[in-house]
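Encoded as structure tokens, the structure appears first; notes follow it.
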Amino acid sequence: MAITPLIGLMPPRVANSEGALFYPADSAERKEDRLERELVAKRICASCGVREECLEAALARHESYGIWGGLNEIERRGLLRA
């Protein structure tokens, strides 16, 4: 799998979104707040034209945090183990 550069990968809808949607605001984030934040970010990802490329890049880089390609870090780890 080729590593896709992430610069320029994000469509304007994502690039102009609040970054806090895709990354945890802080380590003390409540579970309910995290689930709600991730749901909003995943909805944005679901309609993104480069979702698959974003996910591939995140998997190749072993991104440890945030929503990439519509998946959080736990979901991405599950894909890598499969």
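- Minimum heavy-atom separation, C54 to G69: SG-N, 3.3 Å.
- Residues passing the salt bridge (charged side-chain N to carboxylate O under 4.0 Å, His left out) test with E52, sequence neighbours excluded: none.
- The side-chain hydrogen bond (donor to acceptor under 3.5 Å, both in side chains) test applied to E73 returns no partner, not counting sequence neighbours.
- Here R30 pairs with E32, D33 under the side chain to side chain contact (heavy atoms under 4.5 Å, CB included) rule; sequence neighbours left out.
- Atoms CZ and OG, from R76 and S64 in turn, are 8.0 Å apart once rounded to the nearest 0.5 Å.
- Evaluation of the side-chain hydrogen bond (donor to acceptor under 3.5 Å, both in side chains) rule for R37 yields E29 as partners, not counting sequence neighbours.
- Evaluation of the salt bridge (charged side-chain N to carboxylate O under 4.0 Å, His left out) rule for E36 yields no partner, not counting sequence neighbours.
- Here the closest non-hydrogen pair linking W68 and Y23 is CZ2-OH, 2.8 Å.
- Remark: R34 engages E38 in a salt bridge (charged side-chain N to carboxylate O under 4.0 Å, His left out) (not counting sequence neighbours).
- Here the CG-CD1 distance, from L39 to I67, works out to 9.5 Å after rounding to the nearest 0.5 Å.
- Residues satisfying the side chain to side chain contact (heavy atoms under 4.5 Å, CB included) test with L79, not counting sequence neighbours, are L55, L59, L71.
- Under the rule for a salt bridge (charged side-chain N to carboxylate O under 4.0 Å, His left out), R51 has no partner lying at least two apart in sequence or in another chain.
- Contact record, A41 with L21: CB-O, 3.3 Å, taken as the closest heavy-atom pair.
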Side chain to side chain contact (heavy atoms under 4.5 Å, CB included) for C45 and F22? Distances and angles first, verdict last.
CA-CA 10 Å; C45 291; F22 296 91; 3.9 Å; yes
